[in-house]
Structure formats: structure tokens, C-alpha cells
Asks: 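First the structure, then my questions, so here it is.
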Amino acid sequence: MLELKFIREHPDLVRDGIRKKGETDRVDEILKLDVRRREILGNAEALKNTRNRVSEEIGRLKKNKQDAAGPISEMEKVKQSIKALDEEFAGVESELNSLLLNVPNLPHPSVPEGKTPAENQEIASWGDEPEIDFEPKPHWDLVSKLDIIDFERGVKITGAGFPLYKAGGARLQRALINFFLDEASARGYTEIQPPLMVNAASATGTGQLPDKEDLMYTVPKDELFMIPTAEVPVTNIHRDEVLVEDDLPLKYCAYTPCFRREAGSYGKDVRGLNRLHQFDKVELVKIAHPGVSYNELDSLRGDAEELLKKLGLRYRVLLMCTGDMGFTQTKKYDLEVWSPGQKRWLEVSSVSNFEAFQARRMNIRFKSRGGGKPEFVHTLNGSALALPRIMSALIEQYQTPEGKVVIPKILHRYTGFKVIG
RNA sequence: GGAGAGGUGGGUGAGUGGCUUAAACCAACGGUUUGCUAAACCGUCGUAUGGGGUCAACCUGUACCGAGAGUUCAAAUCUCUCCCUCUCCGCCA
């Protein structure tokens with residue numbers, strides 16, 4: 001969320017950002033409530049000041065065994081007025097708060113303005129269209145023949161979007177997870193195994209709540225949410241903490257399953273591994289000094305790209321336009337891998353800077369070396385990488401005419417085999 | 001799930017209704033001393049927010065002692081509800 005003070009002082013900047021993101025502009029309502037809020041506050045505080053002074057006086061009188069009945073009955077009236085003002089204040093404040101929670105983060109100046117995915121900018125690419133001298137099959141054909149991913153039985157056990165990985169498929173996925181985690185550790189990320197369910201405070205901190213509740217699976221009896229990404233528990237590690245400047249940036253990596261309800265998709269978008277309700281992901285999270293967060297964003301993106309290069313997968317990098325970027329981000333890159341069997345790009349990573357947006361909600365601050373007031377940190381994260389689409393790209397790119405899959409060399413020591421089928 | 005004990009600033013930890021503007025210590029920061037390090041000594045030091053101002057550094061109000069409600073002229077302190085932690089018991093991979 002943005003600071004009320006910032007909105008008060010730069011309403012036009014905020015309006016502009018809201019417009020670029022295509023969100024609803026309620027700045028005027030916010031400013032109006034803000035004025036009202038301060039009005040009430042001023043009145044209530046003046047009365048409380050009276051109460052404090054007179055109460056002290058009463059204490060003194062009683063101590064000296066003097067009569068205090070006059071001031072006491074006077075204060076009884078003041079007490080009623082304070083109560084009324086406090087109640088009004090609480091009402092205004094909660095209304096204001098829910099408006100503030102719905103103000104999106106403002107896009108960074110370097111982000112192109114646009115409304116639809118068509119306006120995202122391709123800013124880098126790596127690798128060529130792989131040379132396959134036969135008609136490459138989509139992964140869902142290959143994995144069924146090889147019997148390494150079982151979609152039908154996943155449906156039986158749970159439902160659509162919950163596939164069952166088997167034998168070489170299970171093994172390949174585990175190999176990729178280990179590979180990703182080892183690479184992240186080598187780059188200085190501390191490995192975390194977080195809880196897979198979070199409470200409402202954590203989900204609010206990263207921005208899933210209040211308005212994206214429908215994307216998450218819930219556990220109503222215990223008021224918990226299945227995590228849609230490791231971003232939620234990992235970024236919340238330091239909620240309500242004051243960090244030491246010298247410790248920044250904090251870098252974490254975590255492998256977790258992710259659970260998403262993702263209502264409303266259809267057709268080829270959900271075919272095979274393209275869109276699932278449960279999938280695996282290795283996530284990178286950084287908690288950074290505000291002065292360097294955009295450098296950290298670029299190096300985070302580099303860390304994710306390196307994995308694709310090592311796997312030899314063709315990919316491109318998109319800089320997301322203002323309208324396609326999401327509520328909480330200031331700048332976001334998507335990494336898309338080429339799927340030869342489907343002849344399309346698949347998003348495998350999304351790398352974002354949130355600046356202080358999440359930090360403010362989570363109250364994560366740092367104290368600088370020279371003392372001074374605590375400041376909010378910047379939070380960043382990126383997938384490195386989302387497993388299912390890497391699985392499909394990899395299986396499609398390294399397929400043979402006989403329908404086998406050749407494993408890239410770098411994974412051999414993780415899989416223990418060189419070919420599936 | 002049952003019983004008991006607790007939750008106080010960055011940390012440890014005093015504080016049972018009114019000189020508490022939350023003691024003290026540690027950490028941190030600034031300074032003095034010093035050939036260097038260490039130590040010692042002196043000083044500064046919670047957060048949020050309103051108002052004023054010679055608009056970052058000053059003055060002033062208010063709130064905050066796990067969360068919320070209540071009693072009272074007055075609550076860290078008393079009452080109730082909830083959350084969490086610890087110890088013991090039960091259950092359990």
C-alpha cells in the first residue's frame with residue numbers, strides 16, 4: 001500500500017499511476033476522508049489533553065485530601081464526548097484503510113505504458129529455434145506414451161489440474177528442483193523450507209488479501225490459506241522486524257508446491273502441464289536496500305536466466321507494460337521459454353520489484369548504520385523457475401523421433417539417467 | 001485436547017490505579033582519551049501520527065506495554081474475551 005501522506009502530497013502522481021495500471025481511481029474519496037480524519041483527530045486529541053491535565057490535578061487534590069468532586073463530574077462529560085469522537089474516528093479510519101489497500105503500486109518510470117499483453121516489450125532473447133527435423137509432438141502426447149505423467153489418475157484422485165508424476169517424470173522433476181536449488185545456493189541465496197499454509201496476516205502482507213482471496217485455496221476451519229507461491233511465506237519471514245542495514249540484501253530461495261484456484265481458463269491454455277492447480281516452483285526472494293533495488297531486480301532476473309541457458313532452452317525476456325503488470329509491482333519482467341511442440345512461448349518466471357509496497361504492509365524496516373529513523377526495505381522476487389512449463393519445454397525440445405526424451409547433460413548427475421524411454 | 005506460568009522498546013528485564021515524560025542494563029550511534037586495538041569515561045538513543053515552525057536536525061499535542069472490549073476523573077497495572085509462547089500431561093508421524 002502507498003502511504004497516506006504520499007497520496008496527500010502527490011495526488012496527481014498517484015492518479016497517473018492508477019490510470020496507467022488501469023485501476024479504479026478513488027483518490028478524491030481518499031483525500032476527502034483524510035481531511036475528515038484529521039479534523040476528528042484534532043478535536044479528540046484536544047479533549048484528551050484536557051482529560052490528562054485534569055486527571056492529574058484530581059490526583060493532586062486527592063493526595064492533599066482536598067475536594068475533587070467538581071473536576072470529576074466535569075470530566076464525566078468530557079469522557080462521553082471523547083467516546084463519541086473515537087467511534088467516529090474508527091469508522092472513518094477503517095473506511096480509509098480499505099480504500100488504501102485497494103490503491104495499486106505505482107509503475108516505475110522505465111515501464112512502458114500499455115493496456116494489454118500486446119504492449120509488453122521484448123527486451124532480450126537467447127537461443128535459436130531448435131532444429132528438429134521431424135514434426136515435434138506436444139508434451140502431453142509424449143508423457144502419456146512414456147507413462148511418466150498421469151493426468152487421468154490425477155483427476156480421479158483429486159480433480160483436473162492435479163497431475164501425477166511417475167517414474168522418470170517424477171525423477172526428472174526432482175532433478176530439476178535440486179538443480180535449481182543448488183544453483184541458487186551457489187549464488188548466495190539461503191535455502192528455506194517454509195510452511196505451505198499461511199495465516200491471513202501473511203497473505204495480506206504480500207498482497208493476496210483482501211481482494212485476491214479467490215485465487216487461493218482456503219482451510220476455513222483453521223483460517224489458513226494454501227500458499228499460491230513461496231513468495232508469501234518467505235517474504236513474511238521478516239514481517240514486523242527491524243533489520244540491520246549491513247545484512248542487506250537478504251537473499252532466500254525456496255522450493256514449494258504452489259496451489260492456485262485459477263478460475264476461468266480454457267482450451268489449449270490449460271492443456272497438459274500449461275496451467276495447473278498444484279505445481280512446483282523454486283522461488284527467489286530478496287529484501288533489499290531501497291537505493292539498490294533496481295540493480296537487485298536485474299541481477300535477480302540474471303539468476304533466473306542463467307538456469308535457462310544451462311538447460312539450453314530458448315527463451316525471451318519481456319518487460320511488462322503498466323496495464324499487464326499487476327497490482328503490487330512497480331516493474332516486472334517475464335521470462336518465457338519456447339515450446340517447440342506447441343509452437344508458443346510459455347511463461348516460466350516472473351521477476352518483480354515491489355519497492356516498499358509489501359514492506360509497508362508487512363512493516364519490514366531497516367536501521368541504517370549512522371543511526372536515524374528506520375526505513376522501509378524494498379522486496380523483490382522471481383521464479384527460478386516454475387517446474388511444469390520447464391518440464392514441458394524440456395521434454396518437447398529434447399524429444400527424439402521415436403518419442404524418447406534425451407536429458408541435458410547438466411542434469412545427468414541429478415537424474416542418474418540420460419534418456420527417458 | 002487438559003493443567004499451570006507468562007507476553008513490557010532493537011535485545012535482556014523492573015514496574016499491582018495518580019512525580020512513569022516507561023527504571024536499569026546490553027546493543028547501536030556521537031565524542032574524549034589512545035602509537036594501534038581494547039578498555040574506561042561523557043553524551044545521544046522507541047514507534048506512529050496531528051499541529052506549529054527559520055520545513056530532514058526545533059517546539060508541542062495524542063496514541064501505543066500481545067489483540068480487542070470494559071470499569072474509572074485517571075489503566076502497563078483491575079475485569080472479560082481472544083491470540084500466542086513456555087512447562088507438564090494426553091494424543092501422534
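Chain letters run A, B, ... following the sequence lines, proteins first and then strands; every chain starts at 1.
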Asks: Taking only the P atom of each, what is the distance from B:C45 to B:G10 in whole angstrom?
Replies: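 Between the two P atoms, the distance is 15 Å.
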Asks: Please tell me which of the listed nucleotides, B:C73, B:U49, B:G50, lies nearest to the side chain of A:R8?
Replies: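 The nucleotide sitting nearest to the side chain is B:G50.
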Asks: Want to settle it: does A:E56 or A:A46 sit nearer the 5' end of RNA chain B, counting the closest nucleotide to each?
Replies: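 By nearest-heavy-atom nucleotide position, the 5'-most residue is A:E56.
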Asks: Any side-chain N or O of A:N52 less than 4.0 Å from the OP1 or OP2 oxygen of B:U62?
Replies: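 The answer is yes; a side-chain N or O of A:N52 sits under 4.0 Å from OP1 or OP2.
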Asks: Sort out the partner of B:C55 for me: Watson-Crick or G-U wobble, both distances under 3.5 Å, none otherwise.
Replies: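 Matched B:C55 with nothing under the 3.5 Å cut-off.
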Asks: Which base, if any, makes a Watson-Crick or G-U wobble pair with B:U32, both distances under 3.5 Å?
Replies: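 Paired with B:A40.
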Asks: Which one is paired to B:G1, where only Watson-Crick or G-U wobble pairs with both distances under 3.5 angstrom count?
Replies: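 B:C89 is the nucleotide pairing with B:G1.
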Asks: Taking atom C1' in both B:G46 and B:U32, compute the distance separating them and give it to the nearest angstrom.
Replies: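 These two C1' atoms come out 27 Å apart once rounded.
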Asks: Between B:G17 and B:U72, how far apart are the C1' atoms? Round to whole Å, please.
Replies: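 Here B:U72 and B:G17 have their C1' atoms 9 Å from each other.
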Asks: Say we look at B:C29 and B:C89: how far apart would their C1' atoms be, to the nearest angstrom?
Replies: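 So the two C1' atoms sit 49 Å from each other.
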Asks: Using only atom types and a distance under 3.5 Å, with no angle test, would you say the side chain of A:E9 pairs donor to acceptor with the backbone of A:F6?
Replies: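 No: the side chain of A:E9 does not pair with the backbone of A:F6.
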Asks: Taking the inter-plane angle between the rings of A:F327 and A:F357 on a 0 to 90° scale, is it parallel (under 30°), tilted (30 to 60°) or perpendicular (over 60°)?
Replies: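 Geometry flag for A:F357 against A:F327: perpendicular rings.
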Asks: Using the P atom as the reference point in each nucleotide, state the distance between B:G2 and B:A75 in Å, no decimals.
Replies: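 One P to the other, the span is 34 Å.
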Asks: Given atom NZ of A:K48 and atom C1' of B:U60, what is their separation to the nearest angstrom?
Replies: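 In whole Å, B:U60 C1' and A:K48 NZ are 17 Å from each other.
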Asks: Would you mind calling B:C55 syn or anti? Take O4'-C1'-N9-C4 for purines or O4'-C1'-N1-C2 for pyrimidines, and syn is within 90° of 0.
Replies: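 Syn conformation here, the glycosidic angle of B:C55 being no more than 90° from 0.
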Asks: To the nearest Å, give me how far apart CZ (A:F89) and C1' (B:C64) are.
Replies: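 The distance from CZ of A:F89 to C1' of B:C64 comes to 13 Å, rounded to the nearest Å.
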Asks: Measure from CZ on A:R38 to C1' on B:G61 and round the result to the nearest Å.
Replies: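 Value for this atom pair: 15 Å.
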Asks: Any strand is fair game: report the nucleotide pairing with B:U49 by Watson-Crick or G-U wobble, both distances under 3.5 Å, or none.
Replies: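 Base-paired to B:G61.
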Asks: Does A:G59 or A:I72 map to a spot on RNA chain B nearer the 5' end, using the closest nucleotide for each?
Replies: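 Looking at the nearest nucleotide for each, A:G59 comes out on the 5' side.
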Asks: Using Watson-Crick or G-U wobble geometry with both distances under 3.5 Å, which nucleotide pairs with B:C84?
Replies: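 Per the H-bond distance test, B:G6.
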Asks: In whole angstroms, how far is the P atom of B:U62 from the CD atom of A:E39?
Replies: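 Going from CD in A:E39 over to P in B:U62 covers 20 Å.
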Asks: Do the non-hydrogen side-chain atoms of A:E296 and A:V292 ever get within less than 4.5 Å of each other?
Replies: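 Side-chain contact under 4.5 Å: yes.
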Asks: Can you tell me which residue among A:L385, A:V282, A:V317, A:I390 is in a side-chain contact (heavy atoms from CB on, under 4.5 Å) with A:S349?
Replies: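 Exactly one candidate clears the test, A:L385.
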Asks: Are A:H378 and A:F366 near enough that their ring centres are under 6.0 Å apart?
Replies: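 A:H378 vs A:F366: aromatic centres not under 6.0 Å.
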Asks: Using a strict 4.0 Å threshold on nitrogen-to-oxygen distance, state whether A:D34 and A:R38 make a salt bridge.
Replies: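 Salt bridge: yes.
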Asks: Need the pair for B:C19. Rule: Watson-Crick or G-U wobble, both distances under 3.5 Å, any strand; none if unpaired.
Replies: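 Answer to the pairing question: none, since B:C19 forms no Watson-Crick or G-U pair.
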Asks: Output the rounded distance in Å from CG (A:N49) to P (B:U49).
Replies: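 Computing the A:N49:CG to B:U49:P distance gives 20 Å.
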Asks: Let's see if you can work this out: which of B:C73, B:U49, B:G70 has an atom nearest to the side-chain heavy atoms of A:R37?
Replies: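 From the listed options, B:U49 comes nearest.
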Asks: If I pick the P atom on B:G13 and the same atom on B:G50, what distance separates them, to the nearest angstrom?
Replies: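 My reading of the P atoms in B:G50 and B:G13 gives 35 Å.
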Asks: Is a donor-acceptor pair below 3.5 Å formed from side chain A:E45 to base B:G61, judging by atom type as modelled?
Replies: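 Counting by modelled atom types and ignoring angles, a donor-acceptor contact under 3.5 Å is found here.
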Asks: Out of B:U49, B:A63, B:G18, which nucleotide sits closest to the side chain of A:R51?
Replies: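 When the side chain of A:R51 is considered, B:A63 is the closest of B:U49, B:A63, B:G18.
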Asks: Taking only the P atom of each, what is the distance from B:U47 to B:A57 in whole angstrom?
Replies: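 About 13 Å, rounded to a whole number of Å.
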Asks: In whole angstrom, give the distance that lies between atom CZ of A:R239 and atom P of B:C84.
Replies: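 From A:R239 CZ to B:C84 P: 13 Å.
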Asks: Roughly how many Å is it from CD in A:E74 to P in B:A74, rounded to a whole number?
Replies: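 It works out to 13 Å between those atoms.
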Asks: Distance check, C1' atoms only: B:U8 and B:C84, in whole angstrom units.
Replies: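 Nearest-Å result for B:U8 against B:C84 at atom C1': 15 Å.
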Asks: B:U79 pairs with which nucleotide, Watson-Crick or G-U wobble, both distances below 3.5 Å?
Replies: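 For B:U79, the partner nucleotide comes out as B:A69, under the 3.5 Å rule.
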Asks: Going through the distances and angles, do A:Y294 and A:H108 end up as a ring-ring contact (aromatic ring centres under 6.0 Å, His included)?
Replies: CA-CA 10 Å; A:Y294 284 92; A:H108 191 263; 4.1 Å; yes
Asks: Given B:U72, B:A63, B:G70, identify the nucleotide with an atom nearest to the side chain of A:K79.
Replies: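 Of B:U72, B:A63, B:G70, B:U72 is nearest to the side chain of A:K79.
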Asks: Taking only the side-chain heavy atoms of A:R365 (C-beta and beyond), determine which of B:U49, B:A48, B:G51 contains the nearest atom.
Replies: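 That would be B:A48.
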Asks: Please report the distance, rounded to the nearest Å, between CG in A:D86 and P in B:U62.
Replies: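 Rounding to the nearest Å, CG of A:D86 and P of B:U62 are 14 Å apart.
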Asks: Report which part of the nucleic acid A:L41 touches: base, sugar-phosphate, or nothing (heavy-atom distance under 4.0 Å, all strands).
Replies: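 Result for A:L41 = sugar-phosphate.
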Asks: With a 4.0 Å cut-off, would you call A:R19 and A:D25 a salt bridge?
Replies: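 No.
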